[in-house]
Asker: 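Have a look at this one before I ask anything.
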Amino acid sequence: MGISIQHLLGLDGISREDITLMLDTADSFYEVLQREIKVVPTLRGKTVVNLFYEDSTRTRISFELAEKRLSASPLNFSVSNSSVNKGETLRDTIKNIEAMKIDMVVVRHSCAGVPYFLTQCTDAVIVNAGDGLHEHPTQALLDMMTIRQKLGRLEGLKVAIIGDIFHSRVARSNAWGMSTMGMKVVLCGPPTLLPQHYESLGVPMTDDLNEAIDGADVVMMLRLQRERQASGAFPTIREYRNRYCFDLEKLFSLPENVLVMHPGPINRGIELASDVADGNNSVILQQVTNGVAVRMAVLYLLGGGENG
Ligand code: CP
């Protein structure tokens, strides 16, 4: 059975079967990536446009690498040297790119809903690489892949997601995806950065870090998005660090095999202490490694790839 969706816009509403298929396929590509020859011919002849309207290191490079590993032809679009700077609209931009015969678009944008909007403007397959405060589905998939790889399962595990929940599309995608997969998700941060709608959707929240991490199998720290803190959601960075920085003392209060995760980039010493980020419980770089396999899986399943 193939995947039941045409585009990947988010994990909200995606079935357990489709998430499992993406994770299982990513595991297969992970094996391919351990070989000396890491390239497969599955998307040969397909053109994928990477349309990044926001900065990115991990997501952008891993999508491009995934496309190359699948033998697709990647095209990179950068706002900074495009006709967006001359006032061209998003609709006109995508229509003009589509006129050059492309197959798939990977898009990152500061506005929530842009990936959905693009599905209304083009016949190309759309993959969301992060849209505003909405979702970052491939990040959540690589997070789940990493947990399953390290702990052998997802069902029943407790994940504490801690930090700037309000601005985090990573928290949103993980809350939906992990709940669908039977994980127990708890969200934690300053009350002003905890959107109330999560609780009505059955995802518990607390502003007490010790309560959040109690019994956790996984601690996922989020970046404090300092560029989006104009509203004064907490008094000072120092106060935030005192209450929400995950440090060695907190790590040592947890079982020996707890996983420490972060989507990156890390504000070292603010949400996560350096000795924890670089320590034995950290799987942060494994998350990055798995990002290539997950993105290969998503592109392969949505791009109609064939085994070769
Ligand atoms: N995790 C993540 O989205 O990182 P980048 O912003 O560097 O892509």
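Heavy atoms only: backbone and side chains are in, while hydrogens, waters and symmetry mates are out. Ligands are counted one by one from 1 in listed order, and the atoms in each one are counted from 1 as well.
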Asker: Would you say Tyr30 and Val39 are hydrophobically clustered, going by side-chain heavy atoms of ILVMFWY under 4.5 Å?
Answerer: no
Asker: According to the interplanar angle, ranging from 0 to 90°, do the rings of Phe29 and Tyr300 count as parallel (below 30°), tilted (30 to 60°) or perpendicular (above 60°)?
Answerer: perpendicular
Asker: Would you indicate whether the side-chain heavy atoms of Thr59 and Arg108 approach each other to under 4.5 Å?
Answerer: yes
Asker: Does Asp214 have any side-chain hydrogen bond (donor to acceptor under 3.5 Å, both in side chains) partners at least two apart in sequence or in another chain, and if so, which?
Answerer: none
Asker: For a quick check: using heavy atoms under 4.0 Å, what are the residues in contact with ligand 1, sorted by chain and number?
Answerer: Ser56, Thr57, Arg58, Thr59, Arg108, His136, Gln139, Pro263, Gly264
Asker: Quick one: side-chain hydrogen bond (donor to acceptor under 3.5 Å, both in side chains) partners of Glu98, sequence neighbours excluded?
Answerer: Thr122
Asker: Please tabulate, one pair per line, all N/O donor-acceptor pairs under 3.5 Å involving side-chain atoms of residues 260-270, not counting sequence neighbours.
Answerer:
unit_1 : atom_1 : unit_2 : atom_2 : d
His262 : ND1    : Gly264 : N      : 2.8
His262 : NE2    : Glu271 : OE2    : 2.8
Asn267 : OD1    : Arg226 : NH2    : 2.9
Asn267 : ND2    : Leu224 : O      : 3.0
Asn267 : ND2    : Glu271 : OE1    : 3.1
Arg268 : NH1    : Ser274 : OG     : 3.0
Arg268 : NH1    : Asp278 : OD1    : 3.4
Arg268 : NH1    : Asp278 : OD2    : 3.0
Arg268 : NH2    : Asp278 : OD1    : 3.0

